[in-house]
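Just below is one structure, and these are the notes that go with it.
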Number of protein chains: 2
Amino acid sequence: MPTITGHPERHAPTLEAVAEAAGVSRATVSRVVNGSPSVRGEVVEVVQKAIAELGYVPNRAARSLASSRTHSIALLVPEDVSRFFGDPYFASFTGGLDRRLADTEYVLNLVVARDDPGRKAVRYVRGGNVDGAIVVSHHRGHDFLRQLEGSVPIVYGGRPDVALSSAPYFVDVDNESGGYLATRHLIESGRTRIASIAGPDDMSAALDRVAGFRRALQEAGLPDDAIVHANFTASGGAEAMRTLLARQPDLDAIFSASDLMATGALTALASRGISVPGDIAIVGYDDSPAATWGEVGLTTVRQPSELMGATAVDVLLQLLGGVADVPHENIVPTELVIRNSA
Amino acid sequence: MPTITGHPERHAPTLEAVAEAAGVSRATVSRVVNGSPSVRGEVVEVVQKAIAELGYVPNRAARSLASSRTHSIALLVPEDVSRFFGDPYFASFTGGLDRRLADTEYVLNLVVARDDPGRKAVRYVRGGNVDGAIVVSHHRGHDFLRQLEGSVPIVYGGRPDVALSSAPYFVDVDNESGGYLATRHLIESGRTRIASIAGPDDMSAALDRVAGFRRALQEAGLPDDAIVHANFTASGGAEAMRTLLARQPDLDAIFSASDLMATGALTALASRGISVPGDIAIVGYDDSPAATWGEVGLTTVRQPSELMGATAVDVLLQLLGGVADVPHENIVPTELVIRNSA
DNA sequence: ACCGCGGGGGAGAGCGCTCTCACGAGCGGT
DNA sequence: ACCGCTCGTGAGAGCGCTCTCCCCCGCGGT
């Protein structure tokens with residue numbers, strides 16, 4: 001049964017056909033297709049004309065079989081896809097990644113390591129199906145990632161928590177400077193009694209933001225000890241807000257380490273009739289959709305997630321291109337998005 | 001493992017190597033790998049043992065070159081990736097799709113048709129790089145999709161708006177029954193003065209939900225004319241809520257055609273001291289993250305987006321498998337998620 | 001004149017797999 | 001005993017590229 005679902009495949013033109021049409025050898029066409037500099041200009045033109053006329057498209061499989069390069073890279077997600085993409089941060093990370101990749105000949109393979117744990121994904125990556133991989137949303141405990149070492153170049157989105165045997169390449173965001181930025185903004189708008197609803201104290205990202213918060217306050221000679229840790233949820237944010245108000249009723253600004261917690265804080269404030277930004281200014285963190293869903297738009301620190309995606313691709317392409325001395329740590333800066341809440 | 005006489009060069013084992021190790025021909029190994037029934041059981045075992053010992057992984061490129069089947073399918077997104085994945089609906093559609101695909105040998109290629117318009121993506125799909133494609137988030141005006149016709153089997157997520165020359169395959173959700181489900185739930189919990197905050201009246205999905213709303217009320221002999229259209233935003237929902245209250249202050253239930261509008265309605269109700277679900281019950285639509293972000297969890301109609309993704313894969317696999325009489329229209333039912341608001 | 005050299009282009013051997021054929025063995029029917 | 005089958009397996013020809021040789025030609029130096 002050679003017929004596949006009745007799709008009459010018109011024999012796609014091959015390199016050979018182009019070569020014949022252009023009156024040159026296969027090798028020459030190949031050179032033109034791959035942009036080799038050692039073909040005379042006029043020959044290049046003839047070949048390109050033939051390519052255009054025949055509508056030739058290189059066969060990826062043949063190419064990668066012959067060159068043992070696949071021209072595809074894996075986006076390795078070590079968890080459920082819907083959870084992954086449901087996170088706006090990763091959605092836009094992927095967006096930046098894809099946009100950067102669009103300029104190249106590379107194709108993105110979505111590889112999910114859900115069950116197993118990761119057996120299939122590891123086999124896929126190690127099996128020579130991709131030239132490199134970008135690993136995102138990895139967490140402590142994803143030890144199977146170690147099995148990828150020594151196969152293809154890998155770039156991590158976020159500093160990997162897994163103990164790897166050699167220094168990994170990764171891109172990460174500068175949380176400290178994010179906290180600093182947010183706090184400076186509050187200071188510059190004249191606030192002086194500034195507190196922070198921080199994230200869990202066992203997450204380095206949360207602690208780094210606190211560090212930035214403190215640095216800004218210290219530089220300004222303001223007290224830096226009004227800090228309550230919460231768990232990155234809206235209700236946690238609301239509770240933290242109440243705690244802070246109880247402790248220090250004359251607060252005039254809050255730096256919340258996540259937008260979600262900020263929305264909780266906003267709710268808590270609203271229910272007490274405290275106006276934002278009139279009485280208290282709030283800066284969030286993430287620039288998630290939650291930032292614009294409430295009545296007041298949330299001023300927040302955006303993680304340059306697109307840039308991170310693009311950077312991850314850049315690093316990987318350099319690695320694949322054999323560039324020497326590619327930096328292992330690639331830290332991108334954060335950016336303040338000013339709306340109404342501060 | 002390195003042999004005594006061999007070079008230390010660790011070269012990925014090929015079919016040939018397995019064949020030699022197992023003492024059979026390449027063809028036989030190929031048969032085993034591809035699950036051909038015509039190999040004796042004991043031979044299968046020997047071969048599988050050899051495969052396991054050598055850690056053999058088939059070379060995808062070679063396989064697809066020889067068979068002219070790529071074993072990969074495209075997820076074609078005709079718009080910006082971050083916007084696409086930022087939508088929880090699509091995130092989980094993709095999740096379902098991926099999960100279903102995980103049981104197969106197929107791999108997902110993320111293909112974005114952003115600029116161009118779609119030139120590169122069309123070339124990619126037509127160029128024989130994938131066996132089939134799933135097109136999502138397509139809109140009126142995406143005429144380039146027509147150029148895909150006649151290349152590989154295509155399944156659309158959502159009924160395509162583009163004028164195609166032959167009946168497309170698609171999966172879609174049953175909006176009418178979603179509206180019906182939500183409204184029935186309100187009726188069954190004893191509500192009798194039920195209104196709807198509907199979506200824009202030029203979107204068929206919105207109108208279908210209204211139709212379901214009406215059907216439920218008519219069946220119950222309740223008035224079905226308390227309907228205000230809004231634009232699917234939170235502030236639109238809040239305004240619609242105020243309008244409804246002004247019109248009919250004794251309302252005891254609301255069916256909101258989106259979760260976002262429902263959150264707006266909740267805000268409006270809270271500011272008037274109307275309790276949910278005490279005074280007024282609310283059912284939303286989508287089961288987006290917004291449904292769980294507020295103080296009260298939103299009872300809502302979940303679009304079975306995962307199921308849709310999985311169904312799209314099923315349909316495509318059937319098409320690829322040459323199954324006859326694959327249905328073109330695949331409508332999946334909606335599902336009620338009960339939380340606190342109703 | 002000669003030689004050497006370098007650049008442009010052709011020839012051809014694979015890359016690792018699939019798949020059609022051919023082949024031999026075993027078996028039942030006549 | 002013969003034929004004709006089926007069944008399991010092997011042989012070998014590609015699939016469409018890349019890439020290493022190698023050759024040819026024109027040039028400059030001696």
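Order of the sequence lines sets the chain letters (A, B, ...), proteins ahead of strands, with each chain counted from 1.
Note that the CZ atom of B:Arg100 and the CG atom of B:Asp314 stand 4.0 Å from one another [nearest 0.5 Å].
Under the side chain to side chain contact (heavy atoms under 4.5 Å, CB included) criterion, B:Val46 pairs with B:Ala22, not counting sequence neighbours. Applying the ring pair (Phe, Tyr, Trp, His ring centres under 6.0 Å) criterion to A:Tyr56, with sequence neighbours excluded, gives no partner residue.
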Query - Working for side-chain contact (heavy atoms from CB on, under 4.5 Å), residues A:Ile331 and A:Met308 - result: CA-CA 9 Å; A:Ile331 308 295; A:Met308 289 179 74; over 6 Å; no
Report task. Would you check, one step at a time, whether the test side-chain hydrogen bond (donor to acceptor under 3.5 Å, both in side chains) holds for B:Tyr169 with B:Asn330? Result -> CA-CA 8 Å; B:Tyr169 294 88; B:Asn330 300 272; over 6 Å; no
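For A:Gln318, the CD atom sits in a packed shell: over 12 heavy atoms of surrounding residues, nucleotides or ligands are nearer than 6.0 Å.
Closest approach of B:Ala113 and B:Leu76 over heavy atoms only: CB-CD1, 4.3 Å. For A:Ala21 against A:Leu54, the heavy-atom pair with the smallest separation is CB-CD1, 4.0 Å.
Under the 30°/60° scheme for interplanar angles, the aromatic rings of A:Tyr106 and A:His71 are found to be tilted.
Annotation: proximity of residues 46-65 of chain A to DNA chain C (heavy atom, distance under 4.0 Å) is found for A:Leu65, numbered in ascending order.
Test B:Arg69, B:Arg63, B:Arg60 against B:Glu105 for side-chain hydrogen bond (donor to acceptor under 3.5 Å, both in side chains) and you get one pass: B:Arg63.
Across all strands shown, A:Ser68 has no heavy atoms under 4.0 Å from either base or sugar-phosphate atoms.
With a 4.5 Å cut-off on side-chain heavy atoms, A:Val152 and A:Asp131 do not count as touching. Between B:Arg99 and A:Asp80 the shortest side-chain heavy-atom distance falls below 4.5 Å.
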Nucleotide N/O to protein N/O under 3.5 Å, stretch nucleotides 24-28 of chain C:
none

Quick one: which protein N/O atoms are closer than 3.5 Å to N/O atoms of nucleotides 7-11 of chain D? Pair and distance per line, please.
| residue | atom | partner | partner atom | Å |
| --- | --- | --- | --- | --- |
| D:dT9 | OP1 | B:Arg40 | NE | 3.0 |
| D:dT9 | OP1 | B:Arg40 | NH2 | 3.0 |
| D:dT9 | OP2 | B:Arg40 | N | 2.9 |
| D:dG10 | OP2 | B:Ser25 | N | 3.0 |
| D:dG10 | OP2 | B:Ser25 | OG | 2.9 |
| D:dG10 | OP2 | B:Thr28 | OG1 | 2.5 |
| D:dG10 | O6 | B:Arg31 | NH2 | 2.7 |

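From one end of the helix from C:dA1-D:dT30 to C:dT30-D:dA1 to the other, with five pairs defining each end axis, the axis direction shifts by 40° (rounded to 10°).
For the pair B:Leu15 CG and C:dC19 P, the interatomic distance rounds to 12 Å; values are reported in whole Å. A:Arg69 has its CZ atom 12 Å from the C1' atom of D:dC17, to the nearest Å.
If you check the side chains of B:Asp172 and B:Tyr156, you find no donor sitting under 3.5 Å from an acceptor.
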